[in-house]
J.: 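One structure, pasted below without further comment.
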Amino acid sequence: MHNLMKKRRVIFRITRFNRLTIPLLLNIWEEHNLDQSFDIVTSDTPVPVKKGDALIYSFMTPHAPLVAQELQQLDLDGVLLVGGGPHINGDADLPLEMGFDVLLRGAGEETFLQFGRDLAEGIIAGSPVVYTSNGNGSFDRYLPFSKYLRTVPPLEMMRGCHWRCHYCQTHGNLLQFRSFDSIAAYLETMHRHNRQRVNFISPSALEFGAAHGRRPSLDRIEQVLAAAASYQFKFLEYGIFPSEVRPDNVSEEAMALLKKYVTNRMITMGAQSGVPRRLQAINRGHRLDHIEEALDIANRHGFFVNLDFIFGYPGETADERDETIAFIASAHRRFRVRIQLHHFFPVSGSYYAFRFPSYMSPAEK
């Protein structure tokens with residue numbers, strides 16, 4: 001009797017920042033039976049590794065220091081260190097300095113699949129190895145379900161963006177929309193597994209299916225929401241994280257559509273600044289009056305608004321921050337809003353990737 005060859009252990013390091021990514025990556029392998037070639041391990045804590053293991057991380061720019069710190073605590077001798085995710089899409093230099101042997105850049109449907117095939121065949125040689133996609137992927141084929149995990153993330157239904165905001169990396173992706181047939185398959189699977197919360201990932205929820213920015217294709221959105229509503233899920237969420245709306249997409253028709261189908265009574269809207277010249281400087285593409293009009297329409301249709309702002313832009317002055325705070329105060333008086341504040345962080349692959357934030361005084365903080 002021949003001894004069975006021991007399978008290579010592949011460890012997926014899950015954090016609260018990438019837990020919505022890993023189920024889809026695993027699904028890519030499962031659809032091609034590649035997972036059967038490996039001993040799959042998923043862990044939300046650091047795992048002791050040994051020679052021959054492949055250790056996989058996916059991370060965003062703000063989390064790179066946390067990953068680097070964790071790697072320094074592991075004995076990585078003979079371990080294949082594999083990295084992907086938003087930071088690596090925009091920057092390969094830092095991950096290589098961190099010690100990654102394999103980088104996956106671009107659409108995971110292409111790069112993660114090819115990496116898995118090469119790993120199974122044992123043809124990954126040398127370091128570093130960089131897999132780069134042409135940006136297309138197989139956006140429709142894979143769904144975020146994995147037999148290795150209980151987590152079922154929201155469905156990514158839009159990738160890329162019509163806009164080129166300077167603080168954001170998303171515009172670097174080819175603009176793609178998931179087909180209705182693929183969305184319907186997701187909804188059917190959610191229903192079959194008795195899941196009660198359905199939501200979606202979209203960088204600009206009201207631009208799903210739109211050929212041009214600021215021209216919502218409400219019929220395509222209604223097709224999706226009506227199909228989801230037909231299953232009578234307890235929670236059907238749209239227009240709230242992770243599918244926020246732009247102020248300049250908000251209309252009477254759009255809010256009436258959401259009110260008809262969704263269960264959330266708060267929507268998330270990206271204002272990003274209360275200063276006209278700053279909105280222009282970051283290439284945001286909307287004006288202050290768009291924000292105010294959108295708040296009024298949303299409130300009249302029964303929606304409370306979670307309004308996002310970013311402070312600390314490169315070159316931002318104290319006077320600008322005062323102006324934004326005054327705009328926020330006015331919004332609080334006039335509308336039903338909750339303000340959510342963020343601090344600028346230079347994200348890899350963005351126009352501001354190598355720009356420092358402005359610094360606030362203790363009183364401003």
Side-chain angles (χ1 to χ4, degrees), residues 20-21 24 86 107-109 135-144 152-165 168-190 197-231 233 235-272 284-286 290 294 297-298 301 303 305-306 308:
L20 302 184
T21 299
L24 179 65
E109 296 90 347
N136 293 321
S138 300
F139 196 40
D140 270 2
R141 175 165 183 175
Y142 306 105
L143 298 173
V152 179
L155 181 67
E156 184 184 22
M157 60 189 297
M158 176 179 174
R159 183 176 296 174
C161 185
H162 288 292
W163 307 92
R164 300 181 67 86
C165 303
C168 183
Q169 183 204 71
T170 303
H171 64 78
N173 297 314
L174 179 70
L175 183 61
Q176 299 175 81
F177 303 111
R178 190 178 290 273
S179 72
F180 177 74
D181 286 346
S182 180
I183 295 171
Y186 172 81
L187 295 173
E188 170 60 31
T189 306
M190 291 289 280
R197 183 182 298 275
V198 170
N199 51 6
F200 302 91
I201 297 173
S202 173
S204 182
L206 291 177
E207 289 177 335
F208 171 72
H212 303 282
R214 206 177 291 139
R215 299 183 193 173
S217 180
L218 297 182
D219 55 337
R220 290 190 65 177
I221 297 171
E222 180 163 26
Q223 183 184 30
V224 171
L225 296 180
S230 71
Y231 289 106
F233 296 110
F235 301 102
L236 169 55
E237 299 171 346
Y238 198 76
I240 194 170
F241 178 84
S243 59
E244 298 92 337
V245 302
R246 286 178 57 92
D248 46 342
N249 290 154
V250 173
S251 64
E252 301 283 353
E253 295 78 14
M255 291 300 98
L257 175 63
L258 294 189
K259 186 176 182 180
K260 179 179 178 181
Y261 291 107
V262 303
T263 59
N264 52 285
R265 283 298 172 260
M266 174 186 283
I267 62 169
T268 301
M269 193 182 300
Q272 314 309 8
R284 180 61 181 159
H286 65 71
H290 286 133
I297 294 172
H301 283 269
F303 289 101
V305 179
N306 187 57
D308 282 341

J.: For residues Met269 and Arg246, determine if any side-chain heavy atom of one lies less than 4.5 Å from a side-chain heavy atom of the other.
T.: no
J.: Determine the minimum heavy-atom distance between Pro154 and Pro144, stating which atoms define it.
T.: O-CG, 4.3 Å
J.: Any donor-acceptor pair under 3.5 Å linking the side-chain atoms of His212 with those of Glu207?
T.: no
J.: Does Arg220 qualify as a cation-pi partner of Phe180, given the criterion of NZ or CZ under 6.0 Å from the six-membered ring centre and within 45 degrees of its axis?
T.: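 Ring-cation test returns no.
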J.: Cation-pi between Arg284 and Trp163: NZ/CZ under 6.0 Å from ring centre and within 45° of the ring axis?
T.: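 Judged by the rule, Arg284 and Trp163 form no cation-pi pair.
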J.: Between the side chains of Glu109 and Arg159, is the shortest nitrogen-to-carboxylate-oxygen separation below 4.0 Å, so that they form an ion pair?
T.: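 So Arg159 pairs with Glu109 through a salt bridge.
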J.: Working to the nearest 0.5 Å, report the span between CD1 of Ile267 and CG of Leu206.
T.: 7.5 Å
J.: What class does the angle between the rings of Tyr231 and Phe233 fall in, given that below 30° is parallel, 30 to 60° is tilted and above 60° is perpendicular?
T.: tilted
J.: Tell me the closest heavy-atom pair linking Gly285 and Asp248, and the distance in Å.
T.: O-OD2, 3.5 Å
J.: For Ala229 and Leu236, which heavy atoms make the closest approach, and how far apart are they?
T.: N-CD2, 3.8 Å
J.: Between Ala254 and Leu218, which heavy-atom pair has the shortest distance, and what is it?
T.: N-CD1, 3.9 Å
J.: I want to check something: taking the side chain as every heavy atom from C-beta on, are Met157 and Val224 in contact at a cut-off of under 4.5 Å?
T.: yes
J.: Assess, by modelled atom type and distance only, whether the side chains of Asn249 and Ser251 contain a donor and an acceptor separated by less than 3.5 Å.
T.: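 Judged by distance alone, the side chains do not pair up.
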J.: Can you tell me how far the OG atom of Ser243 sits from the OH atom of Tyr238, to the nearest 0.5 Å?
T.: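 Taking OG in Ser243 and OH in Tyr238, the distance rounds to 6.0 Å.
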J.: Within this structure, what is the NE2-CG distance for the pair His301 and Leu257, rounded to the nearest 0.5 Å?
T.: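 So the gap between those two atoms works out to 11.0 Å.
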J.: So does Gly160 get a backbone contact from the side chain of Thr170, meaning a donor-acceptor N/O pair under 3.5 Å?
T.: no
J.: With rounding to the nearest 0.5 angstrom, report the CZ to OG distance, Arg178 to Ser202.
T.: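 Result: 12.0 Å between the selected atoms.
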J.: Under a 4.0 Å threshold between the charged nitrogen and the carboxylate oxygen, would Glu222 count as salt-bridged to Lys260?
T.: yes
J.: Using 0.5 Å steps for rounding, measure from the OG1 atom of Thr21 to the CD1 atom of Ile201.
T.: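 Interatomic distance, Thr21 OG1 to Ile201 CD1, rounded to 0.5 Å: 7.5 Å.
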J.: Examine distances only and state if a side-chain atom of Ser217 and a backbone atom of Ala210 form a donor-acceptor pair shorter than 3.5 Å.
T.: no
J.: Can you find a heavy atom in the side chain of Asp308 that is under 4.5 Å from one in the side chain of Thr268?
T.: yes
J.: Angle between ring planes, His162 versus Phe177, binned at 30° and 60°: parallel, tilted or perpendicular?
T.: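 Rings of His162 and Phe177: tilted, 30 to 60°.
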J.: Could you report the tightest heavy-atom contact between Leu175 and Cys161, atom names first, then the distance?
T.: CD1-N, 3.7 Å
J.: Once you round to the nearest 0.5 Å, how far does CZ of Phe241 lie from CG of Asn264?
T.: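 Reported value, rounded in 0.5 Å steps: 13.5 Å.
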J.: Would you indicate whether the side-chain heavy atoms of Ser204 and Glu244 approach each other to under 4.5 Å?
T.: no
J.: Using only atom types and a distance under 3.5 Å, with no angle test, would you say the side chain of Arg265 pairs donor to acceptor with the backbone of Val262?
T.: yes
J.: Atom CZ of residue position Arg215 - does it have more than 12 heavy atoms of other residues, nucleotides or ligands inside 6.0 Å?
T.: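 No, CZ of Arg215 has 12 or fewer neighbouring heavy atoms, counting only those of other groups under 6.0 Å.
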J.: Are side-chain heavy atoms of Pro153 and Leu24 found at a separation under 4.5 Å?
T.: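 No; the side chains remain at least 4.5 Å from each other.
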J.: Closest approach of Gln176 and Phe139, non-hydrogen atoms and distance?
T.: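 Smallest heavy-atom distance, with atoms named: OE1-CB, 3.7 Å.
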J.: Flag the pair Asn306 / Ile240 as yes when at least one side-chain heavy-atom distance between them is below 4.5 Å, and no otherwise.
T.: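 Contact flag for Asn306/Ile240 side chains = no.
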